[in-house]
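Data first, discussion second: the structure below is written as structure tokens.
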Amino acid sequence: MTVKLYFLRHGETTYNQQRGYCGNLDPELTENGLKMAEQFAQSYHNLPWTAVFISPMKRTIATAKPLCDVVGLEMQFREGLKEIAYGEWEGKLPQTVNENYHDDYVRWLTDPGWNAPTGG
């Protein structure tokens, strides 16, 4: 038996526009983000969807809703699909993080698998 998984990142938020960190913050999608979600649903609704797993964040719900509506599936929420916690970096821009947490930031950029954001 073969299983195909499709991974989709949520549509654009204001933090994406600014390139800020918002792992645990819960912003809504921008107008453009909502369009992205609609376009994804229009483009990929013909795939043989059997389940849609998402985090409980507003941005992921809004991204998955158009697809779930068109294919007739309920969203299945999973806490483990939330983004990483950015700790002290939440809501901040990269340049601010670099200025205030330079050493941690450089370590994280170099090897994020072994170096969490400050307090994250």
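Here salt bridge (Lys or Arg N to Asp or Glu O under 4.0 Å) pairs that include residues 99-117, with residues two or more places apart or in two chains, are D104-R107. Residue pairs meeting the salt bridge (Lys or Arg N to Asp or Glu O under 4.0 Å) criterion with at least one member in residues 61-73, sequence neighbours excluded: K65-D69. Within the structure, side-chain hydrogen bond (donor to acceptor under 3.5 Å, both in side chains) pairs that include any residue of residues 44-56 comprise S55-T60 (at least two apart or interchain).
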Point to revise | Intermediate values then yes/no, side-chain contact (heavy atoms from CB on, under 4.5 Å), L67 and V71 | key: CA-CA 6 Å; L67 177 67; V71 300; 4.0 Å; yes
Check your understanding: So Q76 and V52, side-chain contact (heavy atoms from CB on, under 4.5 Å) or not? Walk me through it.
Key -> CA-CA 6 Å; Q76 297 186 44; V52 175; over 6 Å; no
Practice item. Check step by step if side-chain contact (heavy atoms from CB on, under 4.5 Å) holds for R59 and R9. Key: CA-CA 10 Å; R59 58 189 178 259; R9 183 163 163 70; over 6 Å; no
Practice item. Determine, stepwise, if the pair N115 / T110 fulfils side-chain contact (heavy atoms from CB on, under 4.5 Å). Key: CA-CA 9 Å; N115 298 283; T110 303; 6.0 Å; no
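Nearest heavy-atom pair, G11 versus N16, reported as atom, atom and distance to 0.1 Å: O-OD1, 3.6 Å. When all heavy atoms are compared, the tightest approach of G120 to A116 is O-CB, 3.8 Å. Considering every non-hydrogen atom in both A62 and A37, the closest pair reads O-CB, 3.8 Å.
If you take CD on Q39 and CD on Q42, they are separated by 7.0 Å, rounding to the nearest 0.5 Å. Within the model, atoms CZ of R78 and CD1 of I54 stand 10.5 Å from one another, a figure rounded to the nearest 0.5 Å. A distance of 12.0 Å separates CE in M57 from OG1 in T63, rounded to the nearest 0.5 Å.
Counting Ile, Leu, Val, Met, Phe, Trp and Tyr side chains that sit under 4.5 Å apart, directly or through other members, W114 stands alone, with no cluster partners. Under a 4.5 Å side-chain heavy-atom cut-off, the cluster of Ile, Leu, Val, Met, Phe, Trp and Tyr residues that includes L29 is completed by L34. Other residues sharing the hydrophobic cluster of L81, ordered by chain and number and joined by side-chain separations under 4.5 Å: F53. Taking Ile, Leu, Val, Met, Phe, Trp and Tyr as hydrophobic and joining them when side-chain heavy atoms fall under 4.5 Å apart, one finds V106 isolated, its cluster having no other members.
Looking only at distances, a side-chain donor or acceptor of K92 sits under 3.5 Å from a matching main-chain atom of E88. In this structure, the side chain of N100 engages the main chain of T96 through a donor-acceptor pair within 3.5 Å.
For Q95, the CD atom is densely surrounded, since the number of other residues' heavy atoms within 6.0 Å is greater than 12.
Applying the side chain to side chain contact (heavy atoms under 4.5 Å, CB included) test to P56 and every residue at least two apart in sequence or in another chain returns F77, E79, K82. By the side chain to side chain contact (heavy atoms under 4.5 Å, CB included) test, N32 is found to be paired with E12, T30, M36, residues two or more places apart in sequence or in another chain being considered. The ring-ring contact (aromatic ring centres under 6.0 Å, His included) test applied to Y105 returns W89, not counting sequence neighbours. With sequence neighbours left out, the side chain to side chain contact (heavy atoms under 4.5 Å, CB included) criterion links E28 to K58. N24 meets the side chain to side chain contact (heavy atoms under 4.5 Å, CB included) test with A85, E90; sequence neighbours excluded.
Residue L8 is grouped with residue V70 when hydrophobic side chains (ILVMFWY) are merged at heavy-atom distances under 4.5 angstrom, including chains of intermediate members. Placement of Y15 and L93 in two distinct hydrophobic clusters is found when ILVMFWY residues are connected by side-chain heavy-atom separations under 4.5 Å, directly or transitively. Both V3 and F7 sit in one connected hydrophobic cluster of ILVMFWY residues. Membership requires side-chain heavy atoms under 4.5 Å apart, directly or through other members.
Contact check for W108 versus Y86: side-chain heavy atoms found under the 4.5 Å cut-off.
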